[in-house]
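Encoded as C-alpha cells, the structure appears first; notes follow it.
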Amino acid sequence: MPQYQVINPWYGVKKGQIVELKKVHPAIQANVMEVGAGVKTSDEPAKLLEQAQTEANALRAQTEQELEKRVAEAQAQVQAEAKAIIDEANAEAERIKAEAIKQAGELTPATPEATTKSTKAK
C-alpha cells in the first residue's frame, strides 16, 4: 500500500504523520502527499522570481529618480521662499532706517505743556 504524509491534519490524524491508504479519497487528496513522491521541479517559479526581482529593481530605480526630482524641486522652492523673505526683511529694514533718519533731526519736547503754562507758585 502506498504511504502518504499528512500535510493538513484532520480529526484523529496529526500533521507529519505517515498513513497507508489503498486509495486517496478526493476529499483528503489536498491534505496528503505521497511519501517518496518528489516535488515536481520546474523552471517556471525561478523565472517568475527573477522577473519579479527585475520588475522590483526597475520600480525601485524609478522611485529613487522621482524622489530625487521631488527633493530638488522642494529645495528650489524653499530657497525661493527664503530669498523672498530675506528681500522683504531687507526692504522693511531700509524703510525703518529711512524713517529713523528722517525723524533724527526733529526734537520733540518731553513736556510740551511746560512752555504754555506758568509753573510759578502764587
Side-chain angles (χ1 to χ4, degrees):
M1 261 194 305
Q3 293 182 338
Y4 296 91
Q5 181 177 8
V6 177
I7 298 171
N8 296 319
W10 60 89
Y11 184 74
V13 181
K14 296 180 183 176
K15 183 176 182 177
Q17 183 177 346
I18 305 294
V19 294
E20 290 185 8
L21 303 170
K22 290 181 186 177
K23 184 178 178 186
V24 178
H25 191 275
I28 64 167
Q29 189 173 11
N31 298 334
V32 295
M33 177 178 68
E34 189 174 355
V35 176
V39 178
K40 295 180 182 177
T41 59
S42 155
D43 290 339
E44 188 175 336
K47 288 178 184 177
L48 288 174
L49 179 61
E50 185 178 330
Q51 180 182 2
Q53 287 175 340
T54 303
E55 289 177 9
N57 289 338
L59 285 173
R60 184 178 295 121
Q62 181 182 0
T63 303
E64 287 175 355
Q65 288 175 351
E66 182 69 24
L67 180 62
E68 289 174 5
K69 178 182 173 185
R70 288 185 182 189
V71 166
E73 289 173 357
Q75 286 176 340
Q77 183 179 3
V78 166
Q79 288 176 349
E81 289 176 3
K83 185 179 182 321
I85 290 170
I86 291 172
D87 290 344
E88 184 179 323
N90 284 338
E92 181 68 15
E94 289 299 322
R95 185 192 63 77
I96 291 171
K97 209 185 289 185
E99 188 176 307
I101 290 172
K102 177 182 165 189
Q103 291 180 356
E106 301 174 13
L107 291 177
T108 306
T111 54
E113 301 163 351
T115 56
T116 59
K117 291 186 179 177
S118 167
T119 57
K120 292 184 182 177
K122 290 184 183 179

**Flag if over 12 foreign heavy atoms under 6.0 Å of CD, Q17** = yes
**Request:** To the nearest 0.5 angstrom, please state how far the CD1 atom of I101 sits from the CD1 atom of I96.
**Result:** 12.5 Å
**Item:** Distance, nearest 0.5 Å, that separates OG1 of T54 from CG of L59
**Value:** 11.0 Å
**Item:** Option passing side-chain contact (heavy atoms from CB on, under 4.5 Å) with E92 (candidates E94, E88, R95)
**Value:** R95
Donor-acceptor pairs under 3.5 Å, side chain of residues 66-78 to any protein atom, not counting sequence neighbours: which ones?
unit_1	atom_1	unit_2	atom_2	d
E66	OE2	R70	NE	3.1
Q77	NE2	E81	OE2	3.4

**Complete:** Rounded to the nearest 0.5 Å, the CZ atom of R60 sits from the OG1 atom of T63 at a distance of 9.0 Å
**Fill in**
The reported gap from NE2 in H25 to CG in N31 (rounded to nearest 0.5 angstrom) is 12.0 Å
**Prompt:** Which heavy atom in V24 sits nearest to a heavy atom in Q29, and how many Å separate them?
**Reply:** CG1-CA, 3.6 Å
**Asked** Is V32 reachable from V35 through a run of hydrophobic residues whose side-chain heavy atoms are each under 4.5 Å from the next?
**Response** no
**Message:** With rounding to the nearest 0.5 angstrom, report the CD1 to CE distance, I18 to M33.
**Reply:** 8.0 Å
**Message:** If you compare all heavy atoms of V6 against all heavy atoms of P9, which two are closest, and at what distance to 0.1 Å?
**Reply:** CG1-CA, 3.6 Å
**Item:** From CD (Q5) to NZ (K15), nearest 0.5 Å
**Value:** 9.5 Å
**Prompt:** Going hydrophobic residue to hydrophobic residue with side-chain gaps under 4.5 angstrom, can you get from V19 over to I7?
**Reply:** no
**Prompt:** How about L21 and I28: do any of their side-chain heavy atoms sit closer than 4.5 Å?
**Reply:** yes
